[in-house]
Each structure stands twice: as C-alpha cells, then as structure tokens.
**Q** 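Handing you a structure now.
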Protein chains: 2
Amino acid sequence: MADEVSTPPSQVVQTATTKVHDVIKQRILDGHYQPHEYIREANLARELEVSRTPVREALRELVSEGWLEAIPHHGSRVVAWTEKDAREVFELRLVLEPMAVRLASERMNEECLAHLGAMATRMEQLTERVEADPSVRNEIASLNHEFHRELILASGNQRLATMLESVVRTSVIRRNFGNYDLTNLRRSMRHHQEILEAIRAGSPAWAEHIMRAHLLAAQALHFRFPVAPDG
Amino acid sequence: MADEVSTPPSQVVQTATTKVHDVIKQRILDGHYQPHEYIREANLARELEVSRTPVREALRELVSEGWLEAIPHHGSRVVAWTEKDAREVFELRLVLEPMAVRLASERMNEECLAHLGAMATRMEQLTERVEADPSVRNEIASLNHEFHRELILASGNQRLATMLESVVRTSVIRRNFGNYDLTNLRRSMRHHQEILEAIRAGSPAWAEHIMRAHLLAAQALHFRFPVAPDG
DNA sequence: GCTCCTGACATTGCATGCAATGTGGAAGGT
DNA sequence: ACCTTCCACATTGCATGCAATGTCAGGAGC
C-alpha cells in the first residue's frame with residue numbers, strides 16, 4: 001500500500017494542464033483578462049482546443065496560487081486589487097526582502113555576485129538613456145525584477161523565495177517604473193549597487209537596511225501616485 | 001464576454017472536492033499517510049465512494065499548498081521533511097511572527113485581547129497539572145496553536161496570516177510539546193502572558209521582541225532534540 | 001552471470017456526457 | 001407599478017471511458 005520510489009524524476013514535461021495554466025497567467029499579467037472578469041471553462045477550452053478537464057485543473061491551481069478567486073457553482077474570476085492589498089504586500093515585502101538579503105549576504109558565492117553586479121551596472125547605464133529613449137524603462141523594469149529575484153534565490157531559503165514570488169509578481173502588474181522621475185530612478189539604481197557593496201563588505205546588517213530603505217522609497221512613491229480603484 | 005457580477009456570494013458549501021481535500025490533509029496531519037507515501041487516485045476514490053475527478057482536483061490543490069509533491073505521470077506523494085525544511089521554517093517564523101505581533105499590537109481591540117488572555121491563563125493552569133496528568137499536553141498544544149493563530153489574525157494582514165498558516169501547520173505535525181520539560185513549558189507560558197502585557201502597554205517593540213525570544217527558545221529545544229531523519 | 005530489449009501492467013492525463021446548482025426573466029397576482 | 005413565483009438557461013460539479021506514459025519483470029543475446 002505504501003510504496004516508496006527509487007528516483008523521483010521530476011522532469012519538466014508540458015501537459016495540457018500546465019499549458020493552460022501558463023496561458024491564463026500570462027493573460028492576467030498582460031491585462032488581457034481584466035480584474036473581476038470571469039474565465040469560463042467552456043470558452044477557454046474551445047479556444048485552446050482542449051477539453052474542459054485541463055482547464056478546470058489549471059483554474060484550481062491558479063486559485064490556490066492567489067491569481068483567481070472561485071465562487072462555487074458560479075465560476076473563477078481574476079482577483080481585483082484594492083489599496084488594502086497594496087498595503088499588505090508592502091508590509092510583507094518590507095520584512096521578507098531585507099531578510100532575504102541578509103541571508104543571501106551570508107551565503108553568497110562569487111559567481112552569483114558577479115552576475116548581480118553585471119545586472120546592476122547594466123541598469124545604471126540604461127537609466128542614463130531614459131530621457132532620450134523612454135522605451136528602455138521596460139528593459140530596466142525587467143532587469144530590476146530579475147535582480148530582486150536572483151538576490152532572493154541566493155538566500156538559500158526556498159520557501160521564502162516561493163512566498164516572495166507570489167507576493168511580488170502579483171503586485172507589479174502594469175506598475176513598473178512609470179512613476180519614477182530621473183532622480184528617483186537614479187537613487188533606486190544606486191541602492192542596488194550599495195546592496196552588493198554591503199554584501200562584498202561582509203555586512204549583512206548594512207545590506208538588510210539598504211534594502212529596507214530601497215523598498216520604503218518605492219512605497220513612498222507608490223502612495224504618492226495611488227492606483228485607480230479597481231474594485 | 002467580460003461579465004461583471006453583482007454580489008459574490010462566497011458562501012461555504014461542501015462539494016466532493018473540498019471533502020476529499022480535508023480528508024487527505026487530516027490524514028497527513030495525524031500520520032495516517034507517511035512521508036513519501038504515494039496517494040493513488042483510484043484507491044482513494046473507491047474508499048471515499050466518489051469518482052477520480054474530485055480526488056484529482058483535491059490532489060492538485062494540496063500540491064499547490066505544499067502538502068504533496070506531484071511527479072508527472074507517476075503520482076502525488078506526501079512531502080518528506082528534512083533538516084533543511086526545519087531551518088527554512090524557523091527562519092521564516094522568526095521574521096513573520098514578530099511582525100504579526102507588532103502589527104497586532106497596533107490594531108488590537110479589547111475583545112480579542114480578552115480572549116487571548118483567557119487562553120494564556122488557561123494554558124498556565126494546565127501547565128501546573130502536566131506532571132500529574134501528562135495527557136494535558138495535548139490540550140496545551142491545541143490551545144497554543146489557537147493562541148498563535150488568533151494573534152496572527154489580529155495583525156489585520158490576510159496574506160501574512162495565510163502564509164504563516166501554511167508554514168506553521170506543516171511544521172507541527174507530530175511535534176508538539178513532547179520535548180518540553182516543566183521549566184521550558186513554564187517559560188513558554190510566561191512568554192504568552194508577556195506578549196499580551198506588552199500589547200496592553202502599547203509597546204509594539206516589546207511585543208515583537210518577546211515573540212522573537214519565544215521562538216528562539218523553541219528553536220533551541222528543537223535542535224537539541226532533532227527529528228528522526230525522515231527522507 | 002550480466003546487459004539490454006521488449007511487452008504487459010499500473011497509473012495518471014484527457015475527453016465527453018450527464019447531474020446539480022445558481023441566475024435571470026417572464027408571467028401572474030396584488 | 002411592484003412584488004412573488006416558477007421555469008428555462010447557463011455554468012460548474014461529477015462520473016466514466018479511453019489514451020498516453022512510466023515501471024518493472026522476464027527473456028534473449030553476449
């Protein structure tokens with residue numbers, strides 16, 4: 001009855017369910033699905049040319065991950081973000097990301113540090129081109145996301161990484177560096193470099209507090225330009 | 001295509017999927033399912049007299065929540081806990097629970113505080129009966145869990161509560177106050193009372209630091225009596 | 001005796017049909 | 001005009017059958 005396994009393969013295969021899962025998540029991120037919009041099983045099944053079963057399973061997973069909310073016998077819809085949600089996310093990031101940086105600074109290796117440094121430098125260079133070509137903001141936002149992500153992974157705490165992933169990714173939908181003027185953008189980039197300096201200097205406390213300042217600066221800007229009331 | 005809804009009922013109904021979900025979770029908690037044991041869809045469906053569909057959906061949800069791990073085309077099995085998992089959970093609790101207490105102390109109302117006080121007092125009374133009747137340890141453990149849970153909910157941060165729920169509940173499986181001698185048990189109970197005193201005194205910092213000490217004491221005991229190597 | 005191949009078995013992945021449930025609107029009464 | 005009742009429709013919830021895939025034992029070849 002209780003069978004053990006020899007080797008858990010855990011290889012990455014693309015089943016219909018995972019495909020549907022990724023499609024829905026992408027559509028939420030790029031705004032194809034609006035907040036509070038219902039996602040109907042039959043519609044999506046027809047469109048993606050699969051049966052309702054993998055669609056149902058993907059929807060269940062997305063509900064568990066916090067992307068959708070399910071109302072029994074009525075359907076699953078995209079969650080809408082309120083100011084309370086924004087406050088909760090900031091409170092959590094303000095505690096979890098400094099923690100991640102502190103742990104990372106104790107466990108960092110040279111290779112990872114070099115990669116992070118390259119990203120930070122690239123972002124600084126791009127920042128000086130923002131006024132000439134506003135489209136580089138997207139590239140900066142993408143690099144910024146990757147920078148934070150890699151820093152968190154370097155903490156060596158897988159649960160922490162998973163939590164922050166779900167917390168952060170949902171908060172950056174359609175909200176990148178659009179509000180940052182050049183002064184704030186430059187400061188943000190300097191923070192990245194200073195975090196790495198603190199790690200190189202072997203000072204977890206320095207790294208932790210710069211990260212906290214980095215987030216508080218972002219928070220101040222956020223509440224200066226609040227989101228439109230979605231729900 | 002994009003339909004809005006008037007009132008999201010969100011009422012609690014007991015579908016077959018939720019029933020299976022709860023049964024599996026309970027069986028993991030009480031040890032009926034061993035770590036690394038595979039849960040077969042067909043077996044459970046026969047036993048609970050439902051079809052494989054709700055079983056499959058429940059398994060998917062439990063995988064997303066971290067109770068099970070899925071190997072494609074091979075099945076879902078109970079996660080096994082290593083010392084690395086224990087370290088990760090302690091690191092997270094050590095940051096999240098003090099945060100929760102700090103927030104709770106800023107938003108606490110009288111009714112909740114009274115209820116917490118009653119639980120803390122009850123636990124202290126039970127502690128003095130442990131030597132005469134060891135079975136009260138279970139009741140203390142249960143009250144302790146409820147105490148922490150209510151304190152966390154009082155933080156007013158729903159995401160924080162959800163995260164801590166998933167982090168803490170998985171770590172207390174078959175590991176309650178069995179290792180605590182009377183001295184440590186008494187100290188633990190005094191910590192509870194002191195947390196409430198700090199909240200009443202209007203000192204979030206005091207509350208936060210006592211909670212941290214409370215967890216570090218528990219951590220010291222844990223690594224004094226490590227778990228058997230499960231996996 | 002050891003290795004590699006092959007085929008049967010067990011298990012999950014997916015499709016489809018029917019049942020259960022919630023919603024909205026039409027019809028009838030007041 | 002307004003409220004209530006009831007029925008048809010839309011949608012999800014569940015059951016079942018078949019397809020795809022992974023595992024493992026047994027046998028052929030060396």
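The sequence lines fix the lettering, A, B, ..., with proteins before strands; numbering per chain opens at 1.
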**Q** Measure the distance from NZ on B:Lys19 to P on C:dA20 and round it to the nearest whole Å.
**A**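 Whole-Å distance recorded here is 16 Å.
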**Q** Could you state the atom-to-atom distance from CZ of A:Arg46 to P of D:dA10 in whole Å?
**A**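 Spelled out: CZ on A:Arg46 to P on D:dA10 is 12 Å.
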**Q** Just say parallel, tilted or perpendicular for the rings of A:Tyr38 and A:His74, cut-offs at 30° and 60°.
**A**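 The arrangement is perpendicular - the two ring planes meet at more than 60°.
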**Q** Round to a whole Å and report the spacing from NE2 of B:His73 to P of C:dT12.
**A**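 That distance rounds to 11 Å.
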**Q** Does a side-chain N or O of B:Ser51 approach OP1 or OP2 of D:dA15 to a distance below 4.0 Å, or not?
**A**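 Looking at the OP1 and OP2 atoms of D:dA15, one of them is under 4.0 Å from a side-chain N or O of B:Ser51.
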**Q** For side chain to side chain contact (heavy atoms under 4.5 Å, CB included), just list the numbers for A:Val55 and A:Leu48, CA-CA rounded to whole Å, side-chain angles, deciding distance to a tenth of an Å, and then say yes or no.
**A** CA-CA 9 Å; A:Val55 175; A:Leu48 301 183; 5.5 Å; no
**Q** Nearest-Å distance, CG (B:Leu59) to P (C:dT12)?
**A**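 One finds 8 Å between P of C:dT12 and CG of B:Leu59, rounded.
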**Q** Which listed nucleotide (C:dG13, D:dG22, C:dT16) is nearest to the side chain of B:Glu41?
**A**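 Looking only at side-chain atoms, B:Glu41 lies closest to C:dG13.
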**Q** Measuring from B:Glu111:CD to B:Leu116:CG, what's the distance to the nearest 0.5 Å?
**A**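 If I round to the nearest 0.5 Å, the distance is 11.0 Å.
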**Q** Contact class for B:Ser76 vs. all strands (heavy atom < 4.0 Å): base, sugar-phosphate, or nothing?
**A**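 It contacts nothing in the nucleic acid.
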**Q** A:Thr53 has a side chain; which of C:dC14, C:dT21, D:dG22 sits nearest to it?
**A**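 The answer is C:dC14, which lies nearest to the side chain.
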**Q** What is the separation between atom CG on B:Asn43 and atom P on C:dA10, rounded to the nearest whole Å?
**A**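 Going from B:Asn43 (CG) to C:dA10 (P), I get 12 Å.
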**Q** Determine: side-chain N/O of B:Arg56 to OP1/OP2 of C:dT12, distance under 4.0 Å, yes or no.
**A**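 False: B:Arg56 side-chain N/O out of range (4.0 Å or more) of C:dT12 OP1/OP2.
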**Q** May I ask you to say what B:Ile39 touches in the nucleic acid, namely base, sugar-phosphate or nothing, with a heavy-atom cut-off under 4.0 Å?
**A**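 If one applies the 4.0 Å heavy-atom cut-off, B:Ile39 turns out to touch the sugar-phosphate alone, with no base involved.
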**Q** Would you find a donor on one side and an acceptor on the other, under 3.5 Å apart, between the side chain of B:Glu57 and the backbone of B:Thr17?
**A**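 Here the side-chain-to-backbone pair does not exist.
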**Q** Can you tell which of D:dG13, D:dT12, C:dC14 lies closest to the side chain of B:Thr15?
**A**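 Among the listed nucleotides, the one closest to the side chain of B:Thr15 is D:dG13.
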**Q** Check whether any side-chain nitrogen or oxygen of A:Thr17 sits under 4.0 Å from OP1 or OP2 of C:dC14, and answer yes or no.
**A**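 Looking at the OP1 and OP2 atoms of C:dC14, one of them is under 4.0 Å from a side-chain N or O of A:Thr17.
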**Q** Which listed nucleotide (C:dC14, D:dT23, D:dT11) is nearest to the side chain of B:Arg52?
**A**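 Out of C:dC14, D:dT23, D:dT11, the nucleotide with an atom closest to B:Arg52's side chain is C:dC14.
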**Q** Does the pair B:Val23 and B:Arg27 meet the rule for a side chain to side chain contact (heavy atoms under 4.5 Å, CB included), with working shown?
**A** CA-CA 6 Å; B:Val23 167; B:Arg27 288 188 177 180; 3.7 Å; yes
**Q** Nearest whole Å is fine: how far is D:dC14 C1' from B:Glu57 CD?
**A**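 My rounded result for the distance is 8 Å.
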**Q** Grab the CG-P distance between A:Leu48 and C:dA15 for me, whole Å please.
**A**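 Atom-to-atom, A:Leu48 to C:dA15, this comes out as 11 Å.
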**Q** Please report, rounded to the nearest Å, how far the C1' atom of C:dT23 is from the CD1 atom of A:Ile71.
**A**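 Atom-to-atom, A:Ile71 to C:dT23, this comes out as 13 Å.
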